[in-house]
Amino acid sequence: MLNYSSKELEKQWQQYWAKDRSFEPSEDFTKPKKYILSMFPFPSGRLHMGHVRNYTLSDAFARYYRQQGFNVLHPIGFDSFGMPAENAAIKNGSHPKKWTYDNIDYMKGEFKSLGFSFSKERELATSDELYTKFEQAFIIDMYEKGLLYRKKGFLNWCPSCHTVLANEQVIDGSCWRCDSDVVKKDMNQYYFKITKYGDELLSDLSKLEGGWPKQVLTMQENWIDKSNGLEFKLAFDETSLDKLNSKFDGFSVFTTRPDTIYGVSYAALAPEHEIVSYMIENLLLDKETIEKIKEMKNASSIDRQKEKSGVALNLHVLHPLTNKPVSIWVANFVLMDYGSGAVMAVPAHDERDFDFAKKYDLPVKGVIKPFGGEFSADKPFTDVGELFDSEMFNGLNSKEAQAKIIEYFEDKKIGKKTTNFKLKDWGVSRQRYWGAPIPFVHCHDCGIVMEKKENLPIALPEDIQITGEGNPLDHHPSWKHCKCPKCGIDALRETDTMDTFVESSWYFLRFCASPKNWGKEAFSKEQIRYWMSVDHYIGGIEHAILHLLYARFFTKVFRDLGYLEFDEPFEKLLTQGMVLKDGAKMSKSKGNTVDPDAIIEKYGADTARLFILFAAPPTQELEWNDNAVDGAYKFIKRFYERSVNVCKTDKIPALEHSKLTKEEKFARKKVYEALVRAEDVYREKYTFNTMIAGVMEAMNALNLQSNSDVWSEGYWILTSIMEPVIPHTCWEISSQKFSFKNLAPQRVVDEVFVENVLTLGVSINGKARVEIEVSPDAANDVIIAMAKESALKWLEGKTIIKEIVVPKKLVNLVIKD
RNA sequence: GCGGAUGUGGUGAAAUUGGUAUACACGCCAGACUUAGGAUCUGGUGUCGCAAGACGUGGAAGUUCGAGUCUUCUCAUCCGCACCA
């Protein structure tokens, strides 16, 4: 009698794997490879069930491909810069570095106790100085290429985190991390020129089709949101020019509907537009108007969306085609950071322009009517239609007119075809301590100067005061004082640090580098060529835009810098569902968390892993169920204890199928069915739940017979299938019984699927009625005759009008009265 | 509003891709063994019905010999984006 004791058994194998260095990738680049990557964690302190699910999935892939003979890279690291470390410092006085690395140590222990087959030697933390060193070098390269620049802008500022946020980090007008209302602030900051890659980031999404979930592709597409249209200038009339002291001769606008241009009845500027600012500064507007504009500017983005409002500026531009005067307004629905911050307004054919016009009683001039219908000024007509009141363009349909009008503007050199993206440049400076310093120096004479690469890394000082007020680097007595790398005079270091999403934008490349060269280079082209791209990338859907977009951007930049030779980093993306308890996402505030350590303590790692993979397919939400966890434990226990029926052997037993009993044949069939299913699951479906169900069925079938060769063959295969899921138990069985020989590719034996009797369903008018047993080579007319005989009771007094035989499945008889 | 998904027993979920709906597991019911246990084993378990049988994959229609699966419409839930000119 065997006794399953998860604790001893698991510990023993974890020690074996550590000692044996079982999971280190080989440096032999002639072998076929698989790069299996799960999104690395922030070292928050302890793993939660979402992590466990994530790494259980990647581990299953990694172990499967190792069995199949691939050279597998399955690394892990820690995305270890970031605000929670600093917040912990503010709260309880610990140093962010200590807090971070203590957490990392603890979490590494958890990885081990879960039996994850990560490469130990390639573990890294992005806050390691060696990592910062190469990152800063890349930043310098990007600056030299003009892909990083500094400018003043209206930035998203989180008053609670005391730092700026990228557009991607503002969710519904709130901070993605702490949920505070984000305000706009006017300040200097560094930007990555991600918009330069807007077109490619969009068009290359098609290369990912099939490999990435559709949802993620759509989300990225919507985020980048490209639109084509016409950009042209609206010029002020004489009176307005005078009013503005000839400081501005006009402003440019962008439209995707040039076909509606004859319907322009006013134009509107964003409250932040430079012309508006000029008028306010020079008191060209009355006090009341200025107040209203200030109100618009200060409104939160949510308030700003509630109701349209605006004020007239008493300025006019001339319509570019008709030369008629058009009044200028400031409107809250015009956004400064899209297009040029100004729009031509066509209330007759645009919902927003219409609402605004109604409120301020502005003219509505229709120029497009439905085909075969008339324009009505009651509501905007936004569909495709036929142009009228549009001079030489009358009668065209609006689609054709768009192209013709753009052409006309280009001919006359008064406008041009333009593409606009909703995607903005990525603002990366953060006014916080625990991040990678931006490696630039401000010199009075030379301006912004790059640090010399040999001086990298620019490391963080450790003796800092973290109070939560202001930027600790800025307040440090000596750190920022330095010499200008160019001219040598006294200068100041940049005290902003980088957004932590910069680190996660290239960590998957760093993993490709052999650790023995980590000090010398970030990675080599040869290593990258071999390991990339990532074959399976597994993580949460919450990174659909942020991390995955930035990582794609960096890949393209690195390609253009000559560091690599491909366009997309992640071949296949698997986005796992959330882990729920009582129908809600597990969270500390709701008090519905399940601690992985407690589950391991009670049942062992294999139970946790089995439950997680069995309870739901990976992309779906997973509802935690204590009873079902118990069930998973019982299965493993049975699986282990019944291995007493298996004979020790180092090759798969040869069985003479025809001599076996019915039960023995059935057991073999179930075992090989499970194998076929497993191959399918790993190759394309990833529905581990059905694979495990198959193994359970096979176990149930094995139990119905007692032939020890059938047991041995069954376990030879089942332990191989299950090793990626419950590795400890399977290594134990495999070492006891098979000297590990079965942890290798398995061959499907077809003879077990050959039946000497087929059971067919007989249905009448598509309705299942009885079953008949026929020989596999029975002719259709014999089958039909048998079917009729078996179904006599339903056929009495009816006429059969059609007979259908579906081979190996069923017979359908169609009857009528 | 736009976009993406999902909807099957008491529960988590299967269904070889148009061929006998509910595999596997949890739960529940009954029984066996008991050194009484939240262990193990055996059997049962979609709904209605004594039964024969009828009904049954959110709802309605359609295509088909045959639909959970395909088509159209519709309802509900979840997620993402949202004044983008």
Side-chain angles (χ1 to χ4, degrees), chain A residues 171-172 213-223 225-227 229-231 253-257 260 267-268 270 301 304-308 331-335 337-346 350-353 355-356 420-424 541-542 544-545 577-578 580 610-611 614-617 619-632 634-635 637-638 641 673 676-677 680 687 689-700 703 759-771 793 800-815:
Chain A
I171 314 292
D172 290 334
K214 211 171 168 179
Q215 193 193 163
V216 175
L217 295 176
T218 316
M219 282 166 77
Q220 293 218 353
E221 198 179 313
N222 291 341
W223 186 262
D225 196 19
K226 177 179 175 173
S227 46
L230 170 70
E231 190 183 338
V253 293
F254 172 74
T255 178
T256 54
R257 293 293 307 271
T260 64
S301 63
R304 195 160 157 174
Q305 278 180 49
K306 277 184 189 147
E307 206 196 333
K308 297 205 172 20
N332 66 344
F333 70 87
V334 183
L335 307 172
D337 52 10
Y338 186 78
S340 55
V343 295
M344 69 174 210
V346 186
D350 181 283
E351 305 264 359
R352 294 154 302 172
D353 298 349
D355 292 346
F356 192 82
N420 255 304
F421 292 96
K422 204 175 80 180
L423 177 72
K424 305 280 181 319
I541 185 92
E542 65 273 20
I545 292 173
M578 283 191 299
L580 310 181
L610 179 66
F611 167 73
F614 181 56
T619 53
Q620 264 178 55
E621 288 176 340
L622 172 88
E623 173 73 30
W624 192 267
N625 177 338
D626 290 328
N627 280 320
V629 175
D630 220 63
K634 285 177 192 165
F635 173 77
K637 187 172 152 68
R638 254 193 328 267
E641 289 174 357
E673 269 177 14
V676 170
R677 236 196 254 193
D680 228 40
T687 47
N689 53 329
T690 62
M691 178 186 94
I692 293 164
V695 171
M696 287 172 167
E697 281 178 57
M699 272 298 287
N700 292 343
N703 255 318
T759 306
L760 300 186
V762 177
S763 40
I764 310 292
N765 287 350
K767 186 108 212 138
R769 292 299 180 186
V770 285
E771 285 184 350
K793 157 178 180 191
I800 299 180
I801 55 173
K802 201 163 185 179
E803 297 154 345
I804 293 139
V805 178
V806 182
K808 294 179 190 169
K809 294 262 161 69
L810 54 77
V811 180
N812 188 23
L813 301 174
V814 185
I815 59 171

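So you know, we letter chains A, B, ... as the sequences are listed, proteins then strands, and number each from 1.
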>> Need to verify one output field. Residue with the more 5' nearest nucleotide on RNA chain B, Gln215(A) or Asn765(A)?
In response: Gln215(A)

> Rounded to whole angstroms, how far apart are CD1 on Ile541(A) and C1' on A5(B)?
Replying inline: 10 Å

> Where does U17(B) land, syn or anti, given syn is within 90° of 0?
Replying inline: syn

>> Could you tell me how far G56(B) sits from A5(B) if I compare only their P atoms? Round to whole Å.
In response: 29 Å

> Which dot-bracket string fits RNA chain B when only Watson-Crick or G-U wobble pairs with both atom distances under 3.5 Å count, crossing pairs get [ ], and | stands for a partner on a different strand?
Replying inline: (((((((..(((......[....)))((((((.......))))))(((....)))..(((((..]....))))))))))))....

> Should Lys424(A) and Asp337(A) be marked as a side chain to side chain contact (heavy atoms under 4.5 Å, CB included) after you check the CA-CA gap, both sets of side-chain angles, and the distance that decides it?
Replying inline: CA-CA 8 Å; Lys424(A) 305 280 181 319; Asp337(A) 52 10; 3.6 Å; yes

>> What I'd like to find out is whether the side chain of Phe635(A) reaches to under 4.5 Å of the side chain of Ile692(A), using heavy atoms alone.
In response: no

>> Within 45 degrees of the ring normal and closer than 6.0 Å to the centroid, is that where the cationic atom of Lys308(A) sits relative to Phe356(A)?
In response: no

> Taking CD from Glu351(A) and C1' from A82(B), how many angstroms apart are they, rounded to a whole number?
Replying inline: 14 Å

> Given atom CG of Asp355(A) and atom C1' of G1(B), what is their separation to the nearest angstrom?
Replying inline: 13 Å

> Would a 4.5 Å heavy-atom cut-off, applied to side chains only, mark Val216(A) and Ile541(A) as touching?
Replying inline: yes

>> Nearest whole Å is fine: how far is G12(B) C1' from Phe611(A) CZ?
In response: 8 Å

> Nearest-Å distance, CD (Glu621(A)) to P (G80(B))?
Replying inline: 11 Å

> For nucleotides 14-28 of chain B, read 5' to 3', which letter fits each nucleotide if B means a protein heavy atom sits under 4.0 Å from the base, S means only the sugar-phosphate is that close, and - means neither?
Replying inline: SS---BB--BBSSS-

> Quantified in whole Å, what is the P atom distance between nucleotide C78(B) and nucleotide A30(B)?
Replying inline: 38 Å

>> So if I take every side-chain heavy atom of Lys767(A) and compare against A85(B), C65(B), C55(B), which nucleotide ends up nearest?
In response: C55(B)

>> Using a 4.0 Å heavy-atom cut-off, does Val346(A) contact any base of the nucleic acid, only the sugar-phosphate backbone, or nothing at all?
In response: nothing

> So, for Ala345(A) and Asp353(A), which heavy atoms are closest and what is the spacing to 0.1 Å?
Replying inline: CA-OD2, 3.2 Å

>> Tell me the interatomic distance from Asn222(A), atom CG, to G3(B), atom P, rounded to whole angstroms.
In response: 9 Å

> Rounded to whole angstroms, how far apart are CZ on Arg352(A) and P on A85(B)?
Replying inline: 7 Å

> Between G4(B) atom C1' and Gln220(A) atom CD, what is the distance in whole Å?
Replying inline: 14 Å

> Between Arg769(A) and G66(B), is there a side-chain N or O to OP1/OP2 distance below 4.0 Å?
Replying inline: no

> Mapping Val814(A) and Val343(A) to their closest nucleotides on RNA chain B, which lands nearer the 5' end?
Replying inline: Val814(A)

> Are Ile815(A) and Ile800(A) close enough that some pair of their side-chain heavy atoms sits under 4.5 Å apart?
Replying inline: yes

> How should the glycosidic conformation of G9(B) be described, syn or anti, under the criterion that syn lies within 90° of 0?
Replying inline: syn

